[in-house]
Structure formats: structure tokens, C-alpha cells
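The analysis underlying the following values was restricted to heavy atoms, covering all of them including side chains, and did not include hydrogens, waters or symmetry mates. Every number for a ligand or one of its atoms is a count from 1 in the order of the listing.
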Amino acid sequence: MGNQLVQISTPGKTQTSESLTPAATAAPQFFPTPASGTGGAGKTFYIETFGCQMNVHDSEKVAGVLMARGYRPVENHEDADLVFYNTCSIREKAAQKVFSRLGAFKKQYHSSRKIIGVLGCVAQQEGERFFERAPHVNLVCGSASYSRLSDLLAQIEAGKRRVTGLSLDTDECFETEVTRRDNPFRAYLTIIEGCDKDCAYCVVPMTRGPERSRPSDKILGECLRLVDEGYREIQFLGQNVNSYRDPSPARRSFAELLARTAEIAGISRVRFITSHPRDFGPDIVEAIETHPALCDHVHLPVQSGSSRVLSRMLRGYTREEYLEKIHCIRNAKRDISVSTDVIVGFCGETREDFEQTLSLLEDVEYDQVFSFKYSPRPKTAAGGWADSVPEDEKAARLAELQERQRVIQARRNQALIGREFEVLVEGFQPRLGQAIGRTTSNRAINFPGEPDWVGLLMMVRVTAAGPNSLVGMRAGAT
Ligand code: SAH
Ligand code: SF4
Ligand code: F3S
């Protein structure tokens with residue numbers, strides 16, 4: 001999991017499966033009426049999504065807005081009247097993908113009347129320049145302007161050729177009651193948008209705007225509604241989810257919000273991602289200890305094991321301070337799984353700095369590490385510094401780090417053989433007759449199963465383990 005990048009096409013599909021419907025709870029309505037207009041009636045759409053879970057969830061919201069305007073999802077862009085690319089600019093490669101996709105698109109549809117929109121982080125970063133680089137684009141809109149999306153669509157439907165939503169001047173999070181969630185069991189829920197941390201290498205503060213949290217009562221009300229709709233698991237999202245600051249008079253801390261959510265009758269699992277080390281305190285660990293519905297997994301990106309590099313990255317903590325947080329997590333009364341993100345080859349990273357990152361991996365023994373080569377980004381502080389580690393050295397460090405982590409993970413996973421875990425069955429592969437379940441600690445286990453187990457919670461015993469996967473057997477089965 002983590003903020004690993006994904007690429008998903010989101011045609012607004014409905015997955016059908018058996019799920020246990022939890023006890024119904026009265027669900028207060030907190031949302032404004034969706035923007036009116038049915039200018040999309042009879043038209044079709046297709047969304048392709050790149051980037052982190054926040055982008056994935058944004059696409060679910062955008063799909064909902066489109067459907068509220070009358071558009072219908074289709075399975076591929078060929079059949080769509082409107083195609084949206086929801087983009088990511090975290091690394092150069094991710095950003096480039098958008099332009100190559102748009103280029104290929106233009107060749108294929110040079111004379112068509114399709115509406116093309118670019119959303120997300122590259123849209124925000126490139127802004128109106130998109131119209132020069134890709135003249136066939138009709139709409140460019142960053143995530144901080146999605147509350148205007150319905151209006152922008154109305155303008156396009158009325159015949160306007162180019163529209164933009166690019167203001168970052170907002171204190172609101174975009175939420176809508178019409179969100180079209182793809183997963184029938186796990187509901188993503190944004191609780192905080194944007195980022196104020198300004199790490200030296202990162203575009204996010206510029207692409208997603210200032211940090212802004214949603215009122216806790218609204219979040220809790222929405223959780224009640226989601227449980228009522230049959231979701232078993234709620235996943236709170238934020239670039240730094242634990243930097244949450246309740247703007248309502250209740251002034252609930254992030255840990256209190258977690259605890260209150262976990263107490264809602266019918267919620268089986270509550271996850272949250274991503275936690276920033278600087279704002280991670282013992283109260284979060286205490287909440288996990290006390291509330292079984294809070295998942296025993298923390299994604300705590302470290303970025304580097306060298307305090308010198310961390311200081312240049314402007315991360316706001318040292319190696320020692322980070323390790324204190326890990327110590328607190330490891331001392332919890334419940335086993336808590338920890339994963340992280342690492343950047344290798346940041347400006348000025350020496351071999352010795354890198355070795356400190358390797359030694360940190362040994363010290364912490366993460367269950368999962370998402371590792372990236374440093375990619376200089378425009379308009380960031382580090383974007384103007386010398387990108388001093390050569391590309392082949394970055395690649396060599398990345399490979400070395402990943403091999404080191406592979407050994408650690410193989411060892412940790414081997415130690416799980418024979419243990420039993422509760423899994424939420426998330427999928428079934430008919431060809432293999434295998435169900436895929438996820439533990440509360442976010443480990444995936446493959447085990448022989450039935451298609452109608454999808455959506456159920458069941459106990460599974462681990463029977464074999466590799467560095468990246470676990471194999472099991474339904475507990476009690478022979
Ligand atoms: N808010 C989270 C991270 C969000 S971005 C945090 O601060 O922990 C997801 C991950 O992308 C980061 O953790 C980092 O490892 C990686 N990343 C961000 N900018 C990058 C860059 N310029 N080059 C390479 N990796 C980068
Ligand atoms: Fe980027 Fe740093 Fe904000 Fe994370 S905390 S999103 S790495 S600026
Ligand atoms: Fe997410 Fe990529 Fe934007 S990681 S916040 S979609 S830059």
C-alpha cells in the first residue's frame with residue numbers, strides 16, 4: 001500500500017459480490033445537493049488514473065460528478081465521448097506519461113469530437129501550458145478546483161472550447177455525496193487535503209495546495225453512512241493523514257477521530273494513510289492498542305536513514321527521532337506492521353549516507369518498503385540544486401536497497417508460517433481457484449477458496465511464504 005503509485009482505469013465499474021451487510025445505522029446527511037445539470041445525458045465517459053490513493057479516490061468522486069450530470073461509464077476510451085486523465089507529477093517519469101498518452105490519443109482520434117480533460121497534479125503544475133503542448137485538450141483542472149468541475153463541464157457542454165480550474169486558493173476539501181466507489185468493501189475517505197510541509201524534493205504542496213482538514217463530525221457522519229451502505233473497511237486518506245486538525249469546535253485530535261470511527265457499530269476495519277513522522281505521536285499507538293477495529297499497520301515514510309540528508313530534505317526529524325517513533329510502535333501491546341518510503345540518490349547523498357539508510361532498514365525491519373530514485377522536480381527547492389548522484393549510481397543503490405529489503409521481508413514472512421490471521425477476502429482468481437485476502441496488517445494471503453467468499457472475513461493459516469507473498473489455507477479446512 002503506502003503512497004505507491006498505481007495506474008488504474010476507472011470506468012466506474014460495479015463489482016458485484018456477496019458482502020455481509022452490517023447492522024443498519026441512522027445516517028445523517030451532511031452533503032450539499034450535488035450541482036445540478038444533466039448536460040451529459042446520453043454521453044459516455046472513461047477515466048484513466050495515475051498516482052497515489054488520493055488520486056484514485058479523486059477519480060471516484062469525479063466519476064460520481066459525471067454520473068450526476070447524466071454521463072455513463074464505459075470500459076474503454078474508444079467508446080467514450082469524454083476522456084479524463086487524472087495525472088501524477090511526483091517524479092518526472094510519471095509526469096511524462098501524461099504527454100505520451102495524450103500524444104498517442106491525438107494520433108488515434110485526430111478528427112474526433114471527443115472531450116479530453118486533464119485532471120490532477122500535472123494539470124495543476126502545467127496549467128494553461130497544456131493547451132500549447134496538447135491543443136486537443138479541452139479541460140485542465142487541479143484537485144483543489146474539483147468543486148467547480150460540474151460548472152466547468154456545463155461550460156464545455158454549452159460549446160466552450162477550453163476551460164480551466166487552477167486556483168489553489170482554497171480552504172475546502174472537495175467531497176460529494178455522489179462519489180462512485182469502485183471497491184464494494186473498502187471505502188476511501190479523504191479527511192485532509194494538501195500539504196504544508198514543503199520537503200525540498202516534492203511537488204505536492206504546489207499541486208494539491210495548502211493543508212486543510214474536514215470537520216470531524218462530517219467525517220464521522222459519512223462513516224456511519226458508509227457502514228450503512230455495507231462497507232466493511234474505511235480507509236482515511238491524506239498526504240499526511242496524521243497532520244489532521246479538526247476545524248470544528250469538537251477539536252478532535254487525529255487519534256480521537258480514529259478511536260471514534262473504530263467505535264462505530266458495524267465497522268470491521270479502519271486504516272489510514274500516509275502518516276508523517278513529524279506528526280506521529282504515542283496517542284496514535286494507544287488508539288491502535290485499544291481499538292481492535294483500527295488496523296495494526298502504520299505507513300511511516302522515512303525517505304533516508306541519514307540525518308544529514310533528512311535535514312537537506314527539510315523533513316523535520318533526525319534518524320534518532322524517527323527511530324524513537326518506531327520504538328514506540330514496536331513497544332505497543334499489539335504487533336503493529338510498519339512500512340515506509342525511501343528516496344535514494346537525493347542531491348549530495350554520499351555512499352556513507354546511503355549505508356545509513358541500509359542500516360536503518362536492518363534496525364527497523366519493515367514489512368514493506370517503497371523505494372524510488374530521486375527525480376528533480378520543477379519549482380521545488382532541490383530542483384535548483386545539483387543532481388549530484390549519477391543515474392547509474394542511483395540505479396545501483398536502488399537495486400542494492402531492494403535486495404537488502406527482500407532478504408528482510410523473506411525472513412519476516414517465513415516467521416509467519418503456521419500463524420493464523422483474519423483476512424478480508426478482496427478477490428478471487430477463477431483460473432487458479434485462489435482467493436486473495438488481506439490481513440489487518442495489510443499483508444495479502446492467497447489461499448484456495450470460492451468465488452462467493454469475496455467480501456467475507458475469515459481466518460486463514462499461513463502455510464508458505466516468499467519475500468512478497470504469503471500462501472495459506474482457510475483455518476479449519478483440510
Ligand atoms: N506525504 C508523504 C509522501 C507523499 S509522496 C510523506 O511525506 O511521507 C509519496 C512518495 O513519493 C514520498 O514518500 C517519496 O518517497 C516519493 N517522492 C516524492 N517526491 C519525490 C521525488 N522528487 N523523487 C523521487 N521520489 C519522490
Ligand atoms: Fe511531499 Fe513532504 Fe508533503 Fe510528503 S510531507 S507530500 S513528501 S512535501
Ligand atoms: Fe499523488 Fe502523484 Fe499528486 S503521488 S498527490 S498524484 S503528484
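Note: an N/O pair closer than 3.5 Å links N240 and ligand 1 by distance alone. Residue-to-ligand polar distances place R91 within reach of ligand 1: an N/O pair is separated by less than 3.5 Å.
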From CA spacing to verdict: side chain to side chain donor-acceptor pair (under 3.5 Å), D58, S143: CA-CA 8 Å; D58 282 347; S143 64; 4.6 Å; no
Candidate pair S441 and S337, rule side chain to side chain donor-acceptor pair (under 3.5 Å), full reasoning: CA-CA 6 Å; S441 54; S337 162; 5.1 Å; no
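The distance from atom 1 (Fe) of ligand 3 to the nearest N/O/S atom of C121 is not under 2.8 Å.
Among residues two or more places apart in sequence or in another chain, the side-chain hydrogen bond (donor to acceptor under 3.5 Å, both in side chains) test is passed with S147 by none. The ring-ring contact (aromatic ring centres under 6.0 Å, His included) check on F131 picks up nothing, with sequence neighbours excluded.
Every atom of ligand 1 is numbered from 1 in the order shown, and the set under 4.0 Å from a heavy atom of Q239 is 1 (N), 2 (C), 4 (C). Near D341, the atoms of ligand 1 lying under 4.0 angstrom from a non-hydrogen atom of the residue are 9 (C), 10 (C), 12 (C), 13 (O), 15 (O). The contact set between ligand 3 and N55, taken as ligand atoms under 4.0 Å from a residue heavy atom, comprises 6 (S). Distances below 4.0 Å separate heavy atoms of I90 from the following atoms of ligand 3: 2 (Fe), 7 (S). Of all atoms in ligand 1, listed by their number and element, those nearer than 4.0 Å to a heavy atom of R377 are 22 (N). Listed by number with element, the atoms of ligand 3 under 4.0 Å from a non-hydrogen atom of C52 are 1 (Fe), 4 (S), 5 (S), 6 (S). Counting the atoms of ligand 3 from 1 in the order shown, those under 4.0 Å from a heavy atom of C88 are 2 (Fe), 4 (S), 6 (S), 7 (S).
Under a 4.0 Å N-O distance rule, the pair E233/R438 does not qualify as a salt bridge. With respect to K394 and E349, no salt bridge is recorded, no charged nitrogen being found less than 4.0 Å from a carboxylate O.
With a 4.0 Å cut-off on non-hydrogen atoms, M54 does not touch ligand 3 at all. At a heavy-atom distance under 4.0 Å, only side-chain atoms of I343, from C-beta outward, approach ligand 1. Using a 4.0 Å cut-off between heavy atoms, Y201 contacts ligand 1 through both its backbone and its side chain.
The option with the heavy atom closest to atom 6 (C) of ligand 1, from among R278, M54, R315, is R315. Comparing M313, Q303, K373 against atom 12 (C) of ligand 1, the shortest heavy-atom distance belongs to Q303.
Proximity of K197 to E211: side-chain heavy atoms (C-beta onward) are separated by under 4.5 Å at one or more points.
For ligand 2, the protein residues placed under 4.0 Å by at least one non-hydrogen atom are C195, K197, D198, C199, Y201, C202, V204, P205, Q239, N240, H276, R315.
The closest approach between any non-hydrogen atom of S89 and ligand 3 is below 4.0 Å.
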Donor-acceptor pairs are to be reported for all side-chain atoms of residues 304-311 against protein atoms at under 3.5 Å, with residues two or more places apart or in another chain.
unit_1	atom_1	unit_2	atom_2	d
S304	OG	S306	N	3.0
S306	OG	R308	N	3.3
S306	OG	V309	N	3.2
S306	OG	D353	OD1	2.8
S307	OG	R319	N	3.0
S307	OG	E320	OE1	3.4
R308	NE	D353	OD1	3.4
R308	NE	D353	OD2	3.4
R308	NH2	G348	O	2.7
R308	NH2	D353	OD2	2.6

